[in-house]
> 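Sharing a structure here in structure tokens format.
One-based numbering, in listed order, for ligands and for the atoms of each. What you see is a predicted model, and the numbers here were worked out from it, not measured in a lab.
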Amino acid sequence: MTIKTIFLDRDGVINKEVEYLFRITDFEFIEGVFDACLYFHHLGFKIIIISNQSGIGRGYYKENDYHKLTEWMLEQFNDNNIKILDTFYCPHCPELLCECRKPKPGMFLEAKNKYNIDMRNSWMIGDKDTDIKAANLAGITNTILVRSGHFIDESNSKSRFITDSIKQSKELISI
Ligand SMILES: [Zn+2]
């Protein structure tokens, strides 16, 4: 038994991009996130969040700050009847050359093994080409790059689709 999953990057996809975000007061949901996630559930997708959190490795905030923010964020999803299956994060700074920091596929592969995910029928929604590259390396070809986060070089993107935000991704994902 496999499951199909929508993988979401966090900053720039779920919430407005703030560099090295860790305070709940700085976390602002992007319009349409809950509505889109309810639609994904309706289609039978699980939802997993995968994010690079090098602010931990760089010493800008503590691992516990990340967990507190995550706990709060998951409560907001829960209050909107959305169940996030799991969250994966890479706490390392780039210099460590770990296997989890996107564009490496480590976190995707960990999720795949943990939940027996059918990657061919899963999707990745990100705001950076490193999100798309990591997903591709993990066997996900259904990718959406959103304009709601970092600036994206659309002509050089490897993403299957590019759209304004997670809100519009509803138009691209069907059963
Ligand atoms: Zn890492």
> State whether the side chain of D11 and the backbone N or O of N15 hold a donor-acceptor pair below 3.5 Å, judged by distance alone.
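Side chain of D11 to backbone of N15, a donor-acceptor pair under 3.5 Å: no, none is there.
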> Does any part of the side chain of L8, heavy atoms only, come nearer than 4.5 Å to the side chain of I50, both counted from C-beta?
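No - every pair of side-chain heavy atoms lies 4.5 Å or more apart.
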> Can we say K4 and D118 salt-bridge, meaning some charged N sits less than 4.0 Å from an Asp/Glu carboxylate O?
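Not counted as a salt bridge, because no side-chain N and carboxylate O are separated by less than 4.0 Å.
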> Check for me: within less than 2.8 Å of the Zn ion (ligand 1), which protein N/O/S atoms show up?
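Listed by chain and number: C90 SG, H92 ND1, C98 SG, C100 SG.
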> I'd like to know if the side chain of Q53 pairs up with that of Y20 as donor and acceptor (distance under 3.5 Å, no hydrogens or angles considered).
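Y20 and Q53 do not have a side-chain donor-acceptor pair below 3.5 Å.
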> Using modelled atom types only, decide if a donor and an acceptor are shared between the side chain of N142 and the backbone of R120 within a distance under 3.5 Å.
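Flag set: sc N142 to bb R120 pair under 3.5 Å.
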> Backbone N or O of K83 within a donor-acceptor pair of the H41 side chain at under 3.5 Å?
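At least one qualifying donor-acceptor pair exists.
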